[in-house]
Participant: 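Have a look at the structure that comes next, please.
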Amino acid sequence: MEQPVTELDARFSDQNAVATDWEETRRVLEHAELFWITTVRVDGRPHVTPLVAVWLDEAIHFATGAGEQKAVNLRTNQNVILTTGCSEWERGLDVVVEGQAVQVVDEGVLRQLAEAWAKKWDGRWRYEVHEGSFQEEGGSSPVLVFAVKPAKVFAFAKGTFGQTRPRFVTRGG
């Protein structure tokens, strides 16, 4: 994937703000310990919940039990927002990613993701791959895995406040 072009939105930024480069934004996505996911219920009401996730192959991946509310919501509407950052006002970078959650069933990719989860979380999150899903060690219920490739991203710098929008440019189109 090509590096996106970053643009500072002066309407929502301090006078001295500069655009946050994609490397810094991606670093936040790679190292975040907690994300908040927003899904939409069948009746249109939003649902927000925290979760752990990993960044791999230019996408955020998360796991959920098939009966959890976010999984139920994704059956009828795959649009999600994932948010991460820091709750301080004067420092840090908050990142918002919009995209569609697509279920991952390829067992080779799932094995890579299971390794990524174990590595990122020092072994606290261990999954086995079984029939197109994760399974917790010793568990019997499938854990569904989803990938969200960013369709739209916003990076909100704090201290010197700046809103940056990385724009992904495709060649030939």
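Heads up: numbering here begins at 1 and tracks the sequence. What you see below is based on every heavy atom in this structure, not just the backbone, and it leaves out hydrogens, waters and symmetry mates.
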Participant: Just to verify, which of T39, T38, I37, V40 counts as forming a side-chain contact (heavy atoms from CB on, under 4.5 Å) with N73?
Facilitator: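 Going through the options one by one, the only one that passes is T39.
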
Participant: Ignoring hydrogens and geometry, is there a side-chain-to-backbone donor-acceptor pair from K149 to I60 under 3.5 Å?
Facilitator: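 Absent.
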
Participant: Considering non-hydrogen atoms only, spot the tightest contact between F35 and L29 and give its length.
Facilitator: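 Where F35 meets L29 most closely, the heavy atoms are CZ-O, 3.6 Å.
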
Participant: Between T160 (side chain only) and A157 (backbone N and O only), is there a donor and an acceptor less than 3.5 Å apart?
Facilitator: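 No; judged by distance alone, with no hydrogens or angles, the pair does not exist.
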
Participant: Can you tell whether the side chains of D94 and K158 come within less than 4.0 Å, N to carboxylate O?
Facilitator: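 Yes, this pair counts.
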
Participant: Side chain of E24, backbone of T20: donor and acceptor closer than 3.5 Å?
Facilitator: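 No, because the side chain of E24 does not come within donor-acceptor range (under 3.5 Å) of the backbone of T20.
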
Participant: Would you say N77 and N79 are linked by a side-chain donor-acceptor pair, where the criterion is simply a distance under 3.5 Å?
Facilitator: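 There is such a pair between these side chains.
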
Participant: Look at R41 together with D43 and state whether they make a salt bridge at an N to O cut-off of under 4.0 Å.
Facilitator: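 No, no charged N to carboxylate O under 4.0 Å.
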
Participant: Sub-3.5 Å donor-acceptor pair from the side chain of S13 to the main-chain atoms of Q163, do we have one?
Facilitator: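 Judged by distance alone, yes, a pair lies under 3.5 Å.
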
Participant: Give the cluster check for L8 versus W22: same hydrophobic cluster or not, with ILVMFWY residues linked at side-chain heavy-atom distances below 4.5 Å.
Facilitator: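 Looking at the clustering, W22 is in a separate group from L8.
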
Participant: Closer than 4.0 angstrom, basic N to acidic O: yes or no for E30 and R27?
Facilitator: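 The answer is no: the pair does not qualify as a salt bridge.
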
Participant: Could you report the tightest heavy-atom contact between L93 and A155, atom names first, then the distance?
Facilitator: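 Result for this residue pair: CD1-CB, 4.0 Å.
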
Participant: Step through it carefully: locate the ring centre of F161, locate the ring centre of W89, and say whether they are under 6.0 Å apart.
Facilitator: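 Centroid distance F161-W89: below 6.0 Å, so yes.
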
Participant: Of the non-hydrogen atoms in L34 and P50, which two are nearest, and what is the gap between them?
Facilitator: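 It is CD1-CB, 3.6 Å.
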
Participant: For W117 and H61, work out which heavy atoms get closest and say how close.
Facilitator: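 Residues W117 and H61, closest heavy atoms: CH2-O, 3.4 Å.
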
Participant: Does L113 form a side chain to side chain contact (heavy atoms under 4.5 Å, CB included) with V109? I'd like the steps, not just the answer.
Facilitator: CA-CA 6 Å; L113 288 166; V109 174; 4.0 Å; yes

Participant: Say whether V129 and V104 are linked into one hydrophobic cluster, either directly or through other cluster members, by side-chain heavy-atom distances under 4.5 angstrom.
Facilitator: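 Yes, it is one cluster - the side chains of V129 and V104 are joined through contacts under 4.5 Å.
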
